[in-house]
K.L.:
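Encoded as structure tokens, here's the structure I'll be asking about.
Numbering of ligands and ligand atoms starts at 1, following listing order.
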Amino acid sequence: MYKNTIIIATRNNNKVTEIKEIYSKLPYEFTSIEAFPGMPEIVEDADTFEGNALKKALAVLNFIREFPVLADDSGLEVDALNGAPGVFSSRFSGGSSRNNNLMLLEKMKSVLWEMRTARFRCAAVFIVPGRKPTISHGTIEGRIGFEERGEGGFGYDPLFIPIDSEKTLAQMSSLEKNRQSHRFKAFTKLRSAIFAEGA
Ligand code: ITT
């Protein structure tokens, strides 16, 4: 119906790679918004991941109009920081991902291992022109390490150690991360909606 093309509404190329890998067996072609120049900037000012994911999906759908759209809003919640950085994850330090990690380590420097619990959350949205959006959620529980470890993944991955793992997400292969991540769980739940909508 839509020539098998689905648009991924993110400017984060790491997310695009992960979503394509999670959906690698689906018979669709996934295209990032980078292929559509002139897209207006999307202001992510909702106070939930779901709200921001819906904003991204609808903004891209309204701009492109003819293809179904997938969007992802995600972030890290740290219990010792009362859930921060949360929806501010990408803007935590106002600088790069590296600066976000250094700032997180600094804020956690006196927090003991047992109290370093945290989780990544992902809200994923799928929307077909003229239909209601489908929303799903995924989380992965873990702890914040005492130093950055690993070169893989992106964002806070060098600090995030899943429960039952000794490695950070950044020390895992992309397949290992993508078997358990918040993004994997949220996007796996969306599969049936994608088929049901006949994208
Ligand atoms: P888009 O809005 O264009 O999708 P973004 O990177 O700004 O790209 P978000 O607003 O969803 O995306 O912010 C997510 C931030 O949360 C991201 O920049 C990372 O800092 C962090 N994050 C989300 N998922 C992550 C993951 O799998 N590993 C490490 N950090 C992650």
Side-chain angles (χ1 to χ4, degrees), residues 7-22 30-36 39-61 63-64 69-78 81 83-105 118-126 135-145 148-162 165 167-188:
I7 312 299
I8 305 179
T10 177
R11 295 193 188 281
N12 179 327
N13 288 329
N14 295 291
K15 285 187 186 178
V16 174
T17 306
E18 289 188 8
I19 294 164
K20 283 184 173 171
E21 197 168 299
I22 292 164
F30 295 94
T31 305
S32 112
I33 51 174
E34 303 295 345
F36 298 87
M39 175 92 48
E41 209 48 53
I42 302 163
V43 183
E44 295 177 34
D45 56 1
D47 54 10
T48 60
F49 296 116
E50 183 174 315
N52 281 326
L54 271 168
K55 279 196 89 167
K56 291 184 217 185
L58 290 170
V60 171
L61 190 81
F63 183 77
I64 297 179
V69 174
L70 279 169
D72 162 309
D73 197 69
S74 44
L76 180 68
E77 284 179 2
V78 179
L81 303 179
V87 291
F88 300 103
S89 291
S90 62
R91 298 164 271 166
F92 190 38
S93 65
S96 64
S97 281
R98 182 85 216 291
N99 286 341
N100 288 342
N101 286 344
L102 295 178
M103 185 158 134
L104 181 57
L105 282 176
R119 69 208 51 75
F120 277 118
R121 286 192 191 280
C122 174
V125 169
F126 177 67
I135 304 165
S136 64
H137 300 267
T139 59
I140 176 171
E141 299 284 336
R143 287 196 170 77
I144 303 301
E148 292 178 291
R149 280 194 275 136
E151 306 294 327
F154 68 98
Y156 298 93
D157 283 345
L159 291 180
F160 190 86
I161 305 168
S165 170
K167 292 189 280 193
T168 67
L169 286 177
Q171 289 176 302
M172 297 179 184
S173 67
S174 61
L175 279 180
E176 203 175 350
K177 176 181 175 185
N178 280 338
R179 271 203 297 267
Q180 56 184 309
S181 76
H182 49 312
R183 188 160 296 108
F184 167 78
K185 290 172 188 163
F187 279 84
T188 299

K.L.:
For a quick test of reading the model, state the closest non-hydrogen atom pair linking Ile64 to Met39 and the distance between them.
P.N.:
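In this case the closest contact between Ile64 and Met39 is CD1-CE, 4.0 Å.
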K.L.:
Taking C-beta and beyond as the side chain, do Val60 and Leu58 meet within less than 4.5 Å on heavy atoms?
P.N.:
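Not in contact.
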K.L.:
Okay, side chain of Lys177, backbone of Leu169: is any donor-acceptor separation there less than 3.5 Å?
P.N.:
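No: the side chain of Lys177 does not pair with the backbone of Leu169.
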K.L.:
Yes or no: does Gly75 have any heavy atom under 4.0 Å from an atom of ligand 1?
P.N.:
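For ligand 1, residue contact (heavy atoms, under 4.0 Å) with Gly75 is present.
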K.L.:
Starting from atom 20 (O) of ligand 1, find the nearest protein heavy-atom neighbour and note its residue, name and distance.
P.N.:
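Closest protein heavy atom to atom 20 (O) of ligand 1: Tyr156 CE1, 3.2 Å.
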K.L.:
Run the numbers for me: atoms of ligand 1, each under 4.0 Å from some heavy atom of Arg11, listed by number.
P.N.:
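Once the distances to Arg11 are compared, the set is 3 (O).
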K.L.:
Please verify whether a non-hydrogen atom of Leu76 lies at under 4.0 Å from ligand 1.
P.N.:
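Distance cut 4.0 Å: Leu76 fails for ligand 1.
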K.L.:
Any heavy atom of Asp157 closer to ligand 1 than 4.0 angstrom?
P.N.:
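So Asp157 counts as touching ligand 1.
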K.L.:
With only distance considered, is Arg183 within less than 3.5 Å of ligand 1 through an N or O on each side?
P.N.:
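In this structure, Arg183 places an N or O atom under 3.5 Å from an N or O of ligand 1.
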K.L.:
Is it true that Glu18 and Ser181 share a donor-acceptor pair across their side chains at a distance under 3.5 Å?
P.N.:
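On atom types as modelled, these side chains do not qualify, holding no pair under 3.5 Å.
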K.L.:
Using a strict cut-off of 4.0 Å, indicate which atoms of ligand 1 neighbour a heavy atom of His182.
P.N.:
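Listed by number with element, the hits are 24 (N), 25 (C), 26 (C), 27 (O).
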K.L.:
Write out the residue and atom name of the closest protein heavy atom to atom 25 (C) of ligand 1, then the distance separating them to 0.1 Å.
P.N.:
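Going atom by atom, the protein heavy atom closest to atom 25 (C) of ligand 1 ends up being Phe154 CZ, 3.4 Å.
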K.L.:
Tell me which protein heavy atom sits closest to atom 18 (O) of ligand 1, plus the residue, atom name and distance to 0.1 Å.
P.N.:
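So the nearest neighbour among protein heavy atoms is Ser90 CB, 3.3 Å.
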K.L.:
Hey, are the side chains of Ser32 and Lys15 touching, using non-hydrogen atoms and a 4.5 Å cut-off?
P.N.:
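In short, these two side chains do not touch, never coming nearer than 4.5 Å.
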K.L.:
In ligand 1, which numbered atoms sit nearer than 4.0 Å to a non-hydrogen atom of Ser89?
P.N.:
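Per the distance check, 15 (C), 16 (O), 20 (O).
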K.L.:
Under a 4.0 angstrom heavy-atom cut-off, which atoms of ligand 1 come close to Lys177?
P.N.:
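Reading through ligand 1 atom by atom, the close ones are 26 (C), 27 (O), 28 (N).
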K.L.:
Within the 4.0 Å heavy-atom shell around Glu44, which atoms of ligand 1 are there?
P.N.:
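Numbered from 1, ligand 1 contributes 2 (O), 10 (O).
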K.L.:
Do you see a donor-acceptor pair shorter than 3.5 Å between the side chains of Thr10 and Asn12?
P.N.:
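No, no side-chain donor-acceptor pair sits under 3.5 Å.
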K.L.:
Should the pair Arg91-Glu44 be classified as a salt bridge under the 4.0 Å nitrogen-to-oxygen rule?
P.N.:
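A salt bridge is absent here (no side-chain N lies under 4.0 Å from a carboxylate O).
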K.L.:
Can you list the atoms of ligand 1 that are under 4.0 Å from a heavy atom of Lys56?
P.N.:
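With Lys56 as reference, the close atoms of ligand 1 come out as 1 (P), 2 (O), 4 (O), 9 (P), 10 (O), 11 (O), 12 (O).
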K.L.:
Donor-acceptor check, side chain of Lys185 to backbone of His137, threshold 3.5 angstrom: yes or no?
P.N.:
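Judged by distance alone, no pair lies under 3.5 Å.
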K.L.:
Tell me which one of Gly155, Ser74, Gly153, Ala9 gets a heavy atom nearest to atom 15 (C) of ligand 1.
P.N.:
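Comparing heavy atoms across Gly155, Ser74, Gly153, Ala9, the nearest one to atom 15 (C) of ligand 1 lies in Ser74.
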K.L.:
Tell me the contacting part of Phe120 for ligand 1: side chain, backbone, both, or neither, using a 4.0 Å heavy-atom threshold, strictly below.
P.N.:
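Under 4.0 Å from ligand 1, Phe120 contributes side-chain atoms alone.
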K.L.:
So, Lys55 side chain and Val43 main chain: donor-acceptor pair closer than 3.5 Å or not?
P.N.:
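Yes; judged by distance alone, with no hydrogens or angles, the pair exists.
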K.L.:
Using distance alone, decide if ligand 1 has a nitrogen or oxygen within less than 3.5 Å of any nitrogen or oxygen in Asn12.
P.N.:
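Yes.
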K.L.:
Tell me the protein heavy atom at minimum distance from atom 11 (O) of ligand 1, and give that distance in Å.
P.N.:
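Result: Lys15 NZ, 2.8 Å.
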K.L.:
Side chain of Tyr156, backbone of Phe120: donor and acceptor closer than 3.5 Å?
P.N.:
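No.
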K.L.:
Any side-chain to backbone donor/acceptor pair from Asn101 onto Arg98? Under 3.5 Å, distance only.
P.N.:
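No, because the side chain of Asn101 does not come within donor-acceptor range (under 3.5 Å) of the backbone of Arg98.
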K.L.:
Which protein non-hydrogen atom lies closest to atom 4 (O) of ligand 1, naming both residue and atom, and how far is it?
P.N.:
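Ranking protein heavy atoms by distance from atom 4 (O) of ligand 1, first comes Thr10 OG1, 2.6 Å.
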K.L.:
Do the side-chain N and O atoms of Arg121 and Ser74 include a donor-acceptor pair separated by under 3.5 angstrom?
P.N.:
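Checked: Arg121/Ser74 side chains show no N/O donor-acceptor pair below 3.5 Å.
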K.L.:
Just which atoms of ligand 1 are under 4.0 Å from any heavy atom in Asp73?
P.N.:
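Answer, ordered by atom number: 9 (P), 10 (O), 11 (O).
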